[in-house]
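Heads up, the thing below is written out as structure tokens.
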Amino acid sequence: MNQIYTCLWSNGEALQMAEHYCSIFKNSKITSQNPMVVNFEINDTKFMALNGGPQYQFSPANSYVIECETQEEIDHYWDLLGAGGTYKQCGWLEDKFGLSWQIVPKILGKLMSDPNKSANVMQAFLQMTKFDIATLVNA
């Protein structure tokens, strides 16, 4: 079976990217590096950061979703991934390298599937930048 993993193109910041992400996720490590490429893992998922140059930029059309069980997890990823970047609506943020992330409560799908709650939940989260689990549950 062929291995599939993400290559994150950077403008000379491959090592800084890998170190930054590995500092945020508990189950992570840099597995190899050379002047062109840094390979790392987050939660047993492989990534490659490439020192490719300024030709290409990240886009929100490709983002990474982190499902969180607790508000503490949401706060952790929101604060650390968003530092130096830009916070967006509905749990989206762009980190300091320009990579887009969605920090979402795991319960959101269940709440949105409840016909008695979905409209109120949607109305509540459309007003949020960082998700607040208690507000969504009580919507």
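The chain is numbered in sequence order, starting from 1.
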Check your understanding: Just wondering, are more than 12 heavy atoms of other shown residues or ligands nearer than 6.0 Å to CE in Met122?
Key -> no
**Study point:** Worked check of side chain to side chain contact (heavy atoms under 4.5 Å, CB included) between Lys130 and Ile74
**Key:** CA-CA 8 Å; Lys130 177 175 67 172; Ile74 289 175; 3.7 Å; yes
Point to revise | Cluster link Ile42 to Ile103, ILVMFWY, side chain under 4.5 Å | key: yes
Practice item. May I ask you to check whether Phe131 and Trp78 place their ring centres under 6.0 Å from each other? Key: no
Practice item. May I ask you to decide if Met128's main-chain N or O and Gln89's side chain share a donor-acceptor pair within less than 3.5 Å? Key: yes
Study note, to complete from the structure: Glu13 meets the side-chain hydrogen bond (donor to acceptor under 3.5 Å, both in side chains) criterion, sequence neighbours left out, with none
Point to revise | Nearest-0.5 Å distance that lies between atom NZ in Lys26 and atom CG in Asn43 | key: 10.5 Å
Check your understanding: Do other residues, nucleotides or ligands put more than 12 heavy atoms under 6.0 Å from the CD atom of Glu72?
Key -> no
Review point. When Ile, Leu, Val, Met, Phe, Trp and Tyr are grouped by side-chain heavy atoms lying under 4.5 Å apart, directly or through other members, which residues fall in the same group as Trp92?
Key: none
Point to revise | Side-chain heavy-atom pair Leu136, Ile107 within 4.5 angstrom cut-off | key: no
Review point. Got a sec: does the OH of Tyr56 have more than 12 other heavy atoms crowding it under 6.0 Å?
Key: no
Point to revise | Same apolar cluster (I L V M F W Y, side chains within < 4.5 Å links), Ile4/Phe47 | key: no
Point to revise | Between Glu41 and Thr31: side-chain donor-acceptor atoms closer than 3.5 Å | key: no
Practice item. Given side chain to side chain contact (heavy atoms under 4.5 Å, CB included), test Ser10 with Leu50 step by step and report yes or no. Key: CA-CA 6 Å; Ser10 77; Leu50 170 71; 6.0 Å; no
Review point. Is there a donor-acceptor pair closer than 3.5 Å between any side-chain N or O of Lys88 and the backbone N or O of Glu94?
Key: no
Point to revise | Matching residue for Tyr77 among Phe25, Trp101, Tyr64 - test: ring-ring contact (aromatic ring centres under 6.0 Å, His included) | key: Phe25
Practice item. Using the side chain to side chain contact (heavy atoms under 4.5 Å, CB included) rule, take Gln16 and His20 through it: C-alpha gap first, then chi angles, then the decisive distance, then the call. Key: CA-CA 6 Å; Gln16 292 88 347; His20 180 67; over 6 Å; no
**Study point:** Residues in side chain to side chain contact (heavy atoms under 4.5 Å, CB included) contact with Asn11, at least two apart in sequence or another chain
**Key:** Pro54
Review point. Does any donor atom in the side chain of Asn39 or Ser32 lie under 3.5 Å from an acceptor atom in the other side chain?
Key: yes
Review point. Any sub-3.5 Å donor-acceptor pair from Trp9's side-chain atoms to Gln57's backbone N or O?
Key: no
Exercise for review: Return yes if a side-chain donor-acceptor contact under 3.5 Å exists between Asp95 and Tyr21, otherwise no.
Suggested key: yes
Exercise for review: Tell me, yes or no, whether the heavy-atom count around Leu126 atom CG, taken from other residues, nucleotides or ligands under 6.0 Å, exceeds 12.
Suggested key: yes
